Amino acid sequence: MKKTIISDMTEGIDPAGIELGGKILREGGLVAFPTETVYGLGGNALDADASRKIYEAKGRPSDNPLIVHICEISALEKITESVPETARRLADAFWPGPMTLIFRKSDAVPDSTTGGLDTVAVRFPDHPAALALIRAAGGYVAAPSANTSGRPSPTQASHVWEDLQGKIDMIIDGGEVGIGIESTIVDLTEETPVILRPGYITREMLEKTIGHVEMDRSLISDDSAVRPRAPGMKYRHYAPQAPLLIVEGDETAVRERIRALVREAAAQGKRAGVIATDESADCYGEGIVRSAGTRADEATVAAHLYAILREFDSLGVDVIYSEAFDTAGIGQAVMNRLMKAAGHRVIDAGKEASED
Ligand code: TXA
Ligand code: MG
């Protein structure tokens, strides 16, 4: 077991903590840090051994590539083979911010960072502690989400502690993150830009800047044989310990069906967790009900979803029912993560219970 140092930066940057974190990273150690999306588990991206340590600490399959975090656009020169014009425009529009771009990689990036791929994912995060740490580390920090593989991504330092204490050198506590789900990933290595993972930056936002953008077929197809191009998207991710079922359909029908399911569970001696909204939370009498946020602003739902899944884990509920979210904006990313957590189990509230 390592001794995991915690550096409190909830009230602002602590220069001594940043210096220490930078030193640990330069020497090949691991530091978890806040970003605007979720907490990342950082290691020196140009050090093959550091990348291997990241996989080990997370228990993550090593064919699942890491995102390289930078703190200035000029850092692209060293780690990419070339920077297409579309990338320049997207970087100008959305960096620093919750967008990851995929490029052809240069030899400076070790294969263990990219899981053997000849491409590299790059992100310039918008968080003062993250940027200060990346700078102090020398400019290139590989960082997957700082959770044990298969668990929901951490949105608070306590989540990182839960999963990784004793396995990493340091955690920078920046309080609760702002966005709460991982960055939008855009692949720019083919003719047409493709979204590999939806996030806060939506397709519409990207298209305003660079024109037509496609969605990876695995994001829109129900056929599980369609393999996602982001290797990490094929794993059952963000998974709570209890089975999660999503109930979709007309608002009233959804509420009625969830109420019935919670009653059925209770009759079998099971405790059910319900993921509701500010609008609906009061209508569920039974069950352990949590509002993720308001439908009027689904960014609030994105911000709380993972913490609720973790809470249901720690409460040891037997089953979780969630209302569906699916709108053109960030609701799409929320639904993408929920579907993965649910292993794609969806109940249509408009159909008879026996058909589920
Ligand atoms: O918001 C975020 O992106 C967070 C914070 C910490 O920055 N990071 C994050 O990393 O979500 P991670 O490792 O949990 O997810 C990275 C995803 C995986 O699905 C991985 O397969 C994909 O990015 N990816 C990484 N490099 C890739 C590449 N060269 N080609 C295709 N997909 C790639
Ligand atoms: Mg992750």
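In listed order, ligands and their atoms are each counted from 1. All of these numbers come straight from a predicted model, not from anything done at the bench.
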Chemist: Around atom CD of Glu72, are there more than 12 heavy atoms from other residues, nucleotides or ligands closer than 6.0 Å?
Modeler: yes
Chemist: If you measure from atom 15 (O) of ligand 1 to every heavy atom of Glu182, Arg197, Lys105, Arg104, which option wins on shortest distance?
Modeler: Arg197
Chemist: Which of the numbered atoms in ligand 1 are below 4.0 angstrom from a heavy atom of Arg60?
Modeler: 12 (P), 13 (O), 14 (O)
Chemist: Applying salt bridge (Lys or Arg N to Asp or Glu O under 4.0 Å) as the test, list every pair that has at least one member in residues 280-294; sequence neighbours left out.
Modeler: Arg290-Glu311
Chemist: Give a yes or no on whether the backbone of Ala302 and the side-chain of Arg337 come within a donor-acceptor separation of less than 3.5 Å.
Modeler: no
Chemist: Under 4.0 Å from any heavy atom of Ser183, which atoms of ligand 1 are there?
Modeler: 1 (O), 2 (C), 3 (O)
Chemist: Considering residues at least two apart in sequence or located in another chain, which fulfil the ring pair (Phe, Tyr, Trp, His ring centres under 6.0 Å) criterion with Tyr39?
Modeler: none
Chemist: Which ligand 1 atoms, with their elements, are less than 4.0 angstrom from a heavy-atom of Ile185?
Modeler: 17 (C), 22 (C), 23 (O)
Chemist: Can you check which of Thr37, Ile67, Asn64 brings a heavy atom nearest to atom 18 (C) of ligand 1?
Modeler: Asn64
Chemist: For ligand 1, which atoms, with element, lie under 4.0 Å from some heavy atom of His69?
Modeler: 5 (C), 6 (C), 7 (O)
Chemist: State whether Arg255 and Glu251 are salt-bridged, where the test is any N-O pair (Lys NZ or Arg NE/NH1/NH2 against Asp/Glu carboxylate O) under 4.0 Å.
Modeler: yes
Chemist: Taking Asn147's backbone N and O only, do any of them form a donor-acceptor pair with Ser145's side chain (distance below 3.5 Å, no angle check)?
Modeler: no
Chemist: Looking at every non-hydrogen atom in both residues, tell me the closest pair between Pro65 and Arg60 and how far apart they are.
Modeler: O-NH2, 3.0 Å
Chemist: Purely on distance, is any nitrogen or oxygen of Lys58 under 3.5 Å from one on ligand 1?
Modeler: no
Chemist: Within 2.8 Å of the Mg ion (ligand 2), is there any N, O or S atom belonging to Ser153?
Modeler: no
Chemist: Once you restrict to heavy atoms under 4.0 Å, what part of Leu196 touches ligand 1? Side chain, backbone, both or neither.
Modeler: side chain
Chemist: Tell me, please: is Pro125 in heavy-atom contact with ligand 1, that is, under 4.0 Å?
Modeler: no
Chemist: Check for me whether Leu117 has a heavy atom closer than 4.0 Å to any atom of ligand 1.
Modeler: yes
Chemist: Short list, please: which atoms of ligand 1 are under 4.0 Å from a heavy atom of Gly40?
Modeler: 6 (C)
Chemist: Would you call Glu207 and Arg203 a salt bridge, taking side-chain N to carboxylate O under 4.0 Å as the test?
Modeler: yes
Chemist: Within the 4.0 Å heavy-atom shell around Thr119, which atoms of ligand 1 are there?
Modeler: 28 (C), 29 (N), 30 (N)
Chemist: Using the rule side chain to side chain donor-acceptor pair (under 3.5 Å), only one of Glu182, His159, Arg310 pairs with Ser153; which is it?
Modeler: Glu182
